Amino acid sequence: MAVQVVATAASTSESTVKDSLREIGDIGAVAELLLAESAQATLFAEELTITHVYETLDAVAKTTGKGSARDKIARLVGLLSDASPMEAKYILRTLTGQLRLGIGDMGIIDSLALAFAGEREARERIERAFNVCSDLAQVAEVLAKEGLDSMKNIQAAVGRPIRMMAAKKLSDPAEIIEKAGPEVLVEYKYDGERVQVHKDGEDVILFSRRQEQITEQYPDVVDLVRHQIQADICILEGECIAIDPKTGGTRPFQELMKRRRKTDIDRMSEEVPVAVRFFDILFHKGKDVTALPMAERRKLLESIVQSNERVSLTIGEVTDEPERLMEVFTQAVESGHEGVIAKAIHDGSGYQAGSRSWLWIKLKSSYQEGMADSVDLVVVGAIHGRGKRAGLYGAILASAYDADSDTFPTVCKIGTGFTDEMLVELKERLDHHSIGARSPKVISDIEADVWFSPAEVIEVLGDEMTVSPTHSAGRGRLEGGGLAIRFPRFTGRWREDKDPKQATTVADLIELFERQRGSGQ
DNA sequence: AATGTCTGCCCC
DNA sequence: ATTCTGC
DNA sequence: GCAGAATGGGCAGACATT
């Protein structure tokens, strides 16, 4: 849509904008360039005000229904006609959410500290306020109006999401114990959606990892919380997972995602039943309990969660031995879960809202060299890079080999794992094999920017196989579509020893998928 | 009415 | 989600 | 080591198009 806006505003064709975007990799910069080239009208334009820009964007956001796309475009084109090329750049970046200033929430907190306090300590107090209320605008407003001392008045409260604590990752169990020990709580890591549950009597609100309100999606969870949580006012955290009530097993994440809907919620609640595995408590009896050590929070949690088939604590145990940690990890993986999270339980193991510290460490099988399956895939296409990857490829399209039909159906795109240096090498190396159109042997629903004849083979690591609506590998031989790789990344290894027909085959992928499904439920 | 395409301060 | 990189 | 910016699969919803 942004392409259309720029094309219209600069009175040029969409293909011109697309070509330019391909080279520059930034729709804002493209707008700046093209508008400068067609800049007669700006001489007579009105002066742009922030209020006008804001009101226009607000109106665009609120436009819905039939014809809304056309209407949104018209409003934005109107706005750009009053903008200088540079203003257009930032308007485009703002509306596509790609500001690319090197400034995020933490950068803003730094700025607030300097602007309103001017001392180092201020930063921590401001950040703490943000972590417990998750609202940067509110923090800034209170700070500006009432000063640094007012930050202490911003406190955790039921109904207001707390920024979630995250885990580091590590592959070596001995190192994990070293970092978080001497004793750690080793918990199963479930493949579901993280939920922060806020309970005030019968009122229950659910928040997602990014502080979105997701209460409406899980009426069954709300009910479970009302009945199984023996505390009036509290904030808990857990993982919401899709389950098979017959077997008691966990169903794939994709199934759970069918619950992310606004309609048919009651029907889907029956089709995709869920369970919640609680693992933390942040607020209890009207008090913030985040400062309590993990060990004590776990005890408190045990005392208020009344378990049944749908609600329980995460499976976990305390150990100080790397060997035992690995045993629990193996159990978790063998029963179809992602891995484990090892948590510090010592006196300093309070809940650190908004941070990713060594107090929590996750271990997944894909972190263990050799344990996860890497595959050798054929590069069949590429997608132009954006931002700092402008002029290079941002991702490549990769296929397996289907020996039966002698074709190369796609399994994934790969956009991570490349160093800057590799990206340069990648382009040089691949452009050698560039062809004008998709090779008839390449089976792909995905439209690449550049197609290659199947030649280069690379090693790719992934977490697991998923049934895919878009990728074609194995399509027709499985229920539900083809196969794709979840979380694909380049290992850095080119398989120069392999030609395309020696790449991982569709049969290999199906076998991997069946094996993984077998260990699951 | 069916199908295609794009978006989400999306989930992972 | 994973990964790389400038500070 | 942190914070930020690249990028992945895949779901439902909202429109546009046929």
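Any value given below was found using the heavy atoms of this structure, including those in side chains, with hydrogens, waters and symmetry copies removed. Only a predicted model underlies this, so the values are computations on that prediction, with no experimental measurement involved. Per chain, numbering begins at 1; letters A, B, ... match sequence-line order.
For R93(A) and D26(A), the salt-bridge test passes: some basic side-chain N is under 4.0 Å from an acidic carboxylate O. Ionic pairing of K258(A) and E271(A) is not present here: no N-O contact between side-chain nitrogen and carboxylate oxygen is shorter than 4.0 angstrom. Look at E464(A) and R486(A) and you find a salt bridge, because one of the NZ, NE, NH1 or NH2 atoms lies within 4.0 Å of a carboxylate O, short of that distance. Electrostatic pairing of R475(A) and D445(A) counts as a salt bridge here, judged by a charged N lying under 4.0 Å from a carboxylate O. A salt bridge is absent between R75(A) and D58(A): the closest approach of a Lys/Arg side-chain nitrogen to an acidic carboxylate oxygen does not fall below 4.0 angstrom. A salt bridge links R260(A) to E193(A): one of the charged nitrogens lies within less than 4.0 Å of a carboxylate oxygen.
Note on ring orientation: taking the six-membered ring where Trp is involved, the planes of Y190(A) and H337(A) are perpendicular (angle over 60°, cut-offs 30° and 60°). Between H384(A) and Y393(A), the ring-plane angle classifies as tilted under the 30° and 60° cut-offs.
Taking atom CG of L461(A) as the reference point, atom P of dT7(D) lies 20 Å away to the nearest angstrom. Between the CD1 atom of I265(A) and the C1' atom of dG13(D) there is a distance of 12 Å, rounded to whole Å. The distance from atom CD1 of I414(A) to atom P of dC4(C) is 14 Å, rounded to the nearest whole Å. Look at CD1 on I73(A): it is 14 Å from C1' on dA14(D), rounded to the nearest Å. Distance E425(A) CD to dC4(C) P: 15 Å, rounded to the nearest Å. At whole-Å resolution of the value, NZ in K189(A) and C1' in dT2(C) are 13 Å apart. Atom-to-atom, CD1 of I485(A) to C1' of dC12(B) comes out at 16 Å; the value is rounded to the nearest Å. Here dT5(B) presents its P atom at 14 Å from CD of Q4(A), a figure rounded to the nearest Å.
Below the 3.5 angstrom threshold, one finds no donor paired with an acceptor across the side chain of T416(A) and the base of dT7(D).
In the set dG10(D), dG13(D), dT5(C), dT5(C) carries the atom at the smallest distance from any side-chain atom of D420(A). Of all nucleotides listed (dG10(D), dA3(D), dG8(D)), dG10(D) comes nearest to the side chain of A484(A). Of the candidate nucleotides dC15(D), dG13(D), dG10(D), dG10(D) has the atom nearest to the side chain of S468(A). Closest to the side chain of P469(A), out of dT2(C), dC15(D), dG10(D), is dG10(D). Comparing dA5(D), dA14(D), dA1(C) by their closest approach to the side chain of K388(A) singles out dA5(D).
Comparing K168(A) and D264(A) against DNA chain D, the residue whose closest nucleotide sits nearer the 5' end is K168(A). When the nearest nucleotides of DNA chain D are assigned to W358(A) and D105(A) by heavy-atom distance, the more 5′-ward of the two goes with W358(A).
When the side-chain nitrogen and oxygen atoms of R261(A) are compared with OP1 and OP2 of dA12(D), one or more of them lie within a distance under 4.0 Å. Look at T470(A) and you won't find any side-chain N or O under 4.0 angstrom from OP1 or OP2 of dG9(D). Considering only side-chain N and O atoms, K364(A) lies under 4.0 angstrom from the phosphate OP1 or OP2 of dT2(C). OP1 or OP2 of dT7(D) has not a single side-chain nitrogen or oxygen of K413(A) nearer than 4.0 Å. Note on Y393(A): every side-chain N or O is 4.0 Å or more away from OP1 and OP2 of dT7(D). For dA14(D), neither phosphate oxygen OP1 nor OP2 lies less than 4.0 angstrom from any side-chain nitrogen or oxygen of S68(A). Distances shown here put every side-chain N or O of R489(A) at or beyond 4.0 Å from the OP1 or OP2 atom of dA1(C). Residue T263(A) places at least one side-chain N or O under 4.0 Å from the OP1 or OP2 atom of dG13(D).
dC12(B) and dC2(D) have their C1' atoms separated by 23 Å, with the value rounded to a whole Å. A gap of 25 Å separates the C1' atoms of dC9(B) and dA16(D), to the nearest Å. Using atom C1' as the reference point in both dA1(C) and dG8(B), the two lie 16 Å apart (nearest Å).
Within the 4.0 angstrom heavy-atom criterion, only backbone atoms of the sugar-phosphate kind lie near G385(A); the bases stay farther away. Among the protein residues, G97(A) comes within range of no part of the nucleic acid, since none of its heavy atoms lies under 4.0 Å from any strand. Across all strands, K169(A) comes closer than 4.0 Å to base atoms (heavy-atom distances). Counting any heavy atom pair closer than 4.0 Å across all strands shown, L256(A) reaches no nucleic acid atom. Looking at heavy-atom distances under 4.0 Å, K362(A) makes contact with sugar-phosphate atoms alone, never a base. Within the 4.0 angstrom heavy-atom criterion, only backbone atoms of the sugar-phosphate kind lie near F418(A); the bases stay farther away. Backbone-only engagement by V467(A) is indicated by non-hydrogen atom pairs under 4.0 Å involving sugar-phosphate atoms exclusively. Here I103(A) lies in heavy-atom contact (under 4.0 Å) with sugar-phosphate atoms only.
Among the candidates V276(A), L282(A), I162(A), the single residue satisfying the side-chain contact (heavy atoms from CB on, under 4.5 Å) test with E237(A) is L282(A). F130(A) pairs in a side-chain contact (heavy atoms from CB on, under 4.5 Å) with only one of the listed residues (M106(A), M151(A), R125(A)), which is M106(A).
Remark: DNA chain B forms stems of 3 or more consecutive Watson-Crick or G-U wobble pairs, all pair distances under 3.5 Å, at B:1-8 with D:11-18, B:10-12 with D:8-10.
Between the side chains of R194(A) and S208(A), no donor N or O sits under 3.5 Å from an acceptor N or O.
Counting all heavy atoms, side chain and backbone alike, G350(A) lies closest to L359(A) at O-CD1, 3.8 Å.
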Tabulated below should be each protein N or O lying under 3.5 Å from an N or O of nucleotides 7-11 of chain B; please produce it.
unit_1  : atom_1 : unit_2  : atom_2 : d
dC10(B) : OP1    : R210(A) : NE     : 2.8
dC10(B) : OP1    : R210(A) : NH2    : 2.8
dC10(B) : OP2    : R210(A) : NH2    : 2.5
dC10(B) : O3'    : R260(A) : NH2    : 3.0
dC11(B) : OP1    : S208(A) : OG     : 2.9
dC11(B) : O5'    : R260(A) : NH1    : 3.2

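Base pairing analysis places dC7(C) opposite dG1(D); the two distances defining the Watson-Crick or G-U wobble pair are each below 3.5 Å.
At least one donor-acceptor pair under 3.5 Å links the side chain of S399(A) to the backbone N or O of F408(A).
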